[in-house]
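Worksheet for the structure shown next.
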Number of protein chains: 2
Amino acid sequence: MSIEPVERGSKVYLEIVKQLRNMIEQDGLTPGDKIPSERELCERLNVGRSSVREALRALELLGLIETRRGEGTFIRDFRSNQLVQLLGTFVLQDTKAKQDVIETKYLIELDCLRLILRRNNEKQLEELKDWIESCEFTDDQFFIKIVELADNHLFYRIWSILNDYYDALKLPKMERKDPFYSSIVQALRGGNEADVLRAYYSLRKLSND
Amino acid sequence: MSIEPVERGSKVYLEIVKQLRNMIEQDGLTPGDKIPSERELCERLNVGRSSVREALRALELLGLIETRRGEGTFIRDFRSNQLVQLLGTFVLQDTKAKQDVIETKYLIELDCLRLILRRNNEKQLEELKDWIESCEFTDDQFFIKIVELADNHLFYRIWSILNDYYDALKLPKMERKDPFYSSIVQALRGGNEADVLRAYYSLRKLSND
DNA sequence: AAGTATACGTGGTCTGACCACTAGATGGGG
DNA sequence: CCCCATCTAGTGGTCAGACCACGTATACTT
């Protein structure tokens, strides 16, 4: 369990990050669970406490763990935004990067719509229709439903991250425009890809190309 | 310049992250530039070196800075940040769903093809045509070119990760089938999306649906 | 039994020490 | 004069120990 003494070039704190990942995986730890204390990690891994802390602080900044003074360190729900606001202030001034975020988010939303078409689950679409007719909802909430319906966990993860970025960019948020969402859902139920795309483009105010 | 002694609840290392951000902004530092040494930061900010290091290590893990032993700490090109990579390794650990990996990889490849169509850069497509006619190449190599041409850095990162996972899944690798690649490129040059999709589906042996 | 006081474990921070490495200054030999 | 080996100062990398602040569980008092 101890960290190899042979860490040529590699840094101890990175080794610790790895070990933590393994530890989480092996013990099947999930958000909310407690991980060993800093001092215990020192002993188990045969490293200094400062190195352990460097690893933990880095993971904390990433939003992957959460520390509570006097209590301990806990695994956090990944989808929290911590890193996002940070990157927002730090990184994403780059216009090209901004553009990439927007572009990627939209394209993945389109992919999810296509996936839903492919899955062709009428019952779920029916429920979606009932939902949009009965509730108030934001653009985010609508597309969360969409991405969930697409039933691809990777897309769900990626989209969540992109959406957080998007928020961090402080771009003008879509205001709710029910008819567009309705027409998307209707097109989905119709099963015609071209209609779905057209409805989506209208919502996003993009040219259909 | 010193850190407020009133950091109720706030953690010193987070304060330092903030200060670094300001410092970078004010001094107009750009990728490649050197930031003050750890010991100098201690003095300027009136904090312990360990706290400074916690901040720097966190930023390093985020890929925002780069440290070289014996030289110093430098600002890094954000665009190549390993954030997605990192989240990937943490997030994907439980999501080995083969199907998702394959599906996502293919859909992103399709998105990239669409992006290329949209960019409509004839010269680059010309070069691509020359390349496939003059070289031996693998499926990976071909799509690396494609993803690069799509000119969306996020997609590039995501695709790279997915490709790694794809490899890890030990799925049967595509053997090289020149005519398929040729027809994709030709369709791209023709500018007709339907043709491109058809060519891609043929390569991947998917139903056109 | 309830409330309070104490002890313990935890993260948070600082200090000082040492190592490994790099680059620039130094100095000697050609 | 130049070139190369050497030394030195500065840098990041790591560790150990000390304290503090905070939360909790325990034991004690009432």
Q: Round to the nearest Å and state the distance from Y13(A) atom OH to dT14(D) atom P.
A: 9 Å
Q: Return no unless some side-chain N or O of T73(B) is found under 4.0 Å from OP1 or OP2 of dG12(D).
A: yes
Q: Report yes if at least one side-chain N or O of T67(B) is closer than 4.0 Å to OP1 or OP2 of dT11(D); otherwise report no.
A: no
Q: Give me the one residue out of R44(B), R69(B), R53(B) that meets salt bridge (Lys or Arg N to Asp or Glu O under 4.0 Å) with E38(B).
A: R53(B)
Q: Measure from the side-chain heavy atoms of R53(B) and tell me the nearest of dT14(D), dC18(C), dC14(C).
A: dT14(D)
Q: Give the rounded distance in Å between these two atoms: NZ of K11(A) and P of dG12(D).
A: 10 Å
Q | Between S182(A) and K129(A): side-chain donor-acceptor atoms closer than 3.5 Å | A | no
Q) Looking at dG11(C), does its base get a donor-acceptor pair with the side chain of R57(A) below 3.5 Å? A) no
Q: Please tell me which of the listed nucleotides, dC15(D), dC14(C), dC18(C), lies nearest to the side chain of V12(A)?
A: dC15(D)
Q. Do S134(B) side-chain atoms and D130(B) backbone N/O form a donor-acceptor pair below 3.5 Å?
A. yes
Q) Rounded to whole angstroms, how far apart are CZ on R49(B) and P on dA16(D)? A) 16 Å
Q) Below 3.5 Å, does any donor atom in the side chain of R68(A) face an acceptor in the base of dG23(D), or the other way round? A) no
Q.
Rounded to whole Å, how long is the line connecting atom CG of L41(B) with atom C1' of dT15(C)?
A. 17 Å
(Q) Rounding to an integer number of Å, can you tell me how far I16(A) CD1 sits from dT14(D) C1'? (A) 10 Å
Q | Pairing residues for F180(B) by the ring pair (Phe, Tyr, Trp, His ring centres under 6.0 Å) criterion, not counting sequence neighbours | A | none
Q: For S51(B) and K11(B), test the side chains for any donor-to-acceptor distance below 3.5 angstrom and give the result as yes or no.
A: no
Q.
Please confirm whether the shortest side-chain N or O distance from S51(A) to OP1 or OP2 of dC15(D) is below 4.0 Å.
A. yes
Q.
Between P on dC14(C) and CG on L45(B), what's the gap in Å once rounded to a whole number?
A. 10 Å
Any protein N or O atoms within reach of nucleotides 4-9 of chain C? Criterion: under 3.5 Å, listing atom names and distances.
from, atom 1, to, atom 2, distance (Å)
dG9(C), N2, G70(A), O, 3.1

Q. Tell me: CD of E60(B) to C1' of dT11(D), nearest whole Å?
A. 14 Å
Q. Is the CD atom of E40(A) crowded by more than 12 outside heavy atoms at less than 6.0 Å?
A. yes
Q.
Just by distance, no angles: are the side chains of Y166(B) and Y106(B) close enough, under 3.5 Å, to form a donor-acceptor pair?
A. yes
**Q.** Rounded distance (Å) that lies between atom P of dG13(D) and atom CD of E54(B)
**A.** 14 Å
